[in-house]
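Every chain is numbered from 1 and lettered A, B, ... according to where its sequence line falls, protein lines coming before strand lines.
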Amino acid sequence: MIRKTKAVMNRVTEVCKRLDEQYGSDMRTYLDHRNAFELLIATILSAQCTDKRVNMVTPDLFAKYPTVHDFATADIKELEKAIHSIGFYHAKAKNIIGCAQKLESDFGGEVPRTIEELTSLPGVGRKTANVIRGNIYEDPSIVVDTHVKRISKRLGFTNSDDPVVVEHDLMKILPKENWIRYNIQIIYLGRTICKAPNAKCSECFMSDICPSCKIK
DNA sequence: AACTCGGGGCA
DNA sequence: TGCCCAGAGTT
């Protein structure tokens with residue numbers, strides 16, 4: 001667990017300020033959707049797959065299956081065909097159908113709100129649940145993926161590899177009202193500059209305050 | 001905690 | 001070719 005030292009909190013303040021300056025203060029999810037259910041499906045599809053490719057298939061997908069009931073009664077082979085280019089298509093098709101069926105049977109066709117309810121759905125883990133909570137219900141939530149984990153360590157915001165510990169560390173130090181915004185900004189930073197093997201520190205707007213910066 | 005699932009994009 | 005991608009489920 002990280003300790004809220006003065007040095008860490010000063011860095012948090014500066015990092016948040018620069019993220020907003022760089023990326024704007026209205027960042028949310030990358031995934032195209034018109035309602036909670038569509039975001040849930042898109043997020044399930046996005047596991048181990050870039051958002052760009054998810055957004056390529058979702059318009060046709062949601063046109064073919066407009067409602068929860070359409071997914072709940074879908075033919076799995078046909079659904080697999082519709083999402084084939086995503087990867088993991090068999091498991092994801094199965095999960096999406098099971099998910100839609102459980103929404104109908106247990107939740108009145110609505111997307112539930114709590115972590116426990118969301119993660120009880122097939123194909124929905126902690127990350128997906130937090131995407132829904134943060135983007136749809138605007139409940140304070142932190143999404144921990146490989147980008148968030150890596151950058152949080154590099155910035156000295158956590159020293160753990162356990163996603164749940166990282167989540168709690170970030171909850172302790174980030175300004176609560178903007179968790180999901182900083183979350184998506186950090187992910188974007190990770191995709192473009194602060195990469196896993198080859199971090200482009202020379203292009204980074206936080207190089208001067210980053211403890212892991214390789215160019216001083 | 002390790003392992004498996006997998007197609008497409010990009011270097 | 002080889003590596004990577006807003007993970008989740010099973011063992």
Side-chain angles (χ1 to χ4, degrees), chain A residues 19 23 26-33 36 38-58 60-61 76-77 79-103 111-112 115-155 157-158 160-167 170-171 174 178-200:
Chain A
L19 284 172
Y23 299 128
D26 58 348
M27 287 190 97
R28 285 293 186 271
T29 178
Y30 295 127
L31 301 168
D32 295 338
H33 63 282
E38 289 190 358
L39 180 61
L40 181 63
I41 299 299
T43 311
I44 291 174
L45 289 177
S46 77
Q48 293 298 96
C49 164
T50 58
D51 54 282
K52 191 182 290 182
R53 271 193 294 143
V54 174
N55 290 337
M56 302 260 306
V57 307
T58 43
D60 286 348
L61 186 67
I76 186 161
K77 293 289 180 193
L79 181 54
E80 283 179 9
K81 202 185 300 176
I83 63 172
H84 187 272
S85 66
I86 294 291
F88 296 108
Y89 54 87
H90 179 66
K92 284 174 180 174
K94 190 176 149 198
N95 282 337
I96 287 171
I97 292 173
C99 189
Q101 289 173 345
K102 183 152 187 174
L103 287 183
V111 177
I115 287 239
E116 291 74 19
E117 289 171 325
L118 283 163
T119 54
S120 77
L121 300 166
V124 178
R126 195 177 183 87
K127 194 218 76 171
T128 301
N130 275 324
V131 171
I132 300 299
R133 275 159 32 81
N135 285 285
I136 298 298
Y137 299 110
E138 300 189 6
D139 290 338
S141 64
I142 302 253
V143 178
V144 177
D145 67 346
T146 54
H147 293 302
V148 172
K149 194 159 71 176
R150 178 178 72 255
I151 293 176
S152 298
K153 285 184 83 169
R154 286 179 177 171
L155 286 172
F157 291 171
T158 187
S160 174
D161 280 314
D162 181 343
V164 179
V165 176
V166 176
E167 189 181 321
L170 293 179
M171 291 192 324
L174 289 181
N178 297 321
W179 279 350
I180 200 71
R181 177 211 304 176
Y182 295 127
N183 214 141
I184 197 70
Q185 290 169 333
I186 287 171
I187 289 170
Y188 191 72
L189 175 67
R191 284 189 4 173
T192 56
I193 296 174
C194 196
K195 301 183 176 186
N198 298 310
K200 300 197 243 178

Check whether any side-chain N or O of A:Ser46 sits under 4.0 Å from OP1 or OP2 of C:dC5, and answer yes or no.
no
From the candidates B:dG9, C:dC4, C:dA8, the one with an atom nearest any side-chain atom of A:Pro197 is C:dC4
Is any N or O donor-acceptor pair between the side chain of A:Thr29 and the base of C:dA6 shorter than 3.5 Å?
yes
Are A:Ile187 and A:Val148 side-chain neighbours, meaning at least one heavy-atom pair lies under 4.5 Å?
yes
Which residues pass the ring pair (Phe, Tyr, Trp, His ring centres under 6.0 Å) test with A:Tyr89, sequence neighbours left out?
A:His84
Work out how far the P atom of B:dC10 is from that of C:dA6, and round it to whole angstrom.
13 Å
Does anything in residues 79-94 of chain A come within less than 4.0 Å of DNA chain B? Heavy atoms only, and list the residues if so.
A:His84, A:Ser85, A:Gly87, A:Phe88, A:Tyr89
Out of C:dC4, C:dG7, C:dA6, minimum distance to the side chain of A:Ala47 belongs to C:dG7
Check: A:Arg28 and A:Ile180 side chains under 4.5 Å, non-hydrogen atoms
yes
Round to a whole Å and report the spacing from CZ of A:Arg150 to P of C:dA6.
10 Å
Contact list for residues 126-144 of chain A, test salt bridge (Lys or Arg N to Asp or Glu O under 4.0 Å), sequence neighbours left out
A:Arg113-A:Asp139, A:Arg126-A:Glu167
With respect to the side chain of A:Arg53, which nucleotide from B:dG9, C:dA6, C:dG7 is positioned closest?
B:dG9
Within the structure provided, determine whether A:Tyr23 and A:Leu189 are in side-chain contact (heavy-atom separation under 4.5 Å).
yes
Taking for each residue the nucleotide of DNA chain C with the nearest heavy atom, is it A:Pro122 or A:Arg28 whose nucleotide lies nearer the 5' end?
A:Arg28
Quick one: is C:dC5 close enough that its OP1 or OP2 comes under 4.0 Å of any side-chain N or O from A:Gln48?
no
Kindly indicate whether the side chain of A:Leu118, heavy atoms from C-beta on, has any atom under 4.5 Å from the side chain of A:Val111.
yes
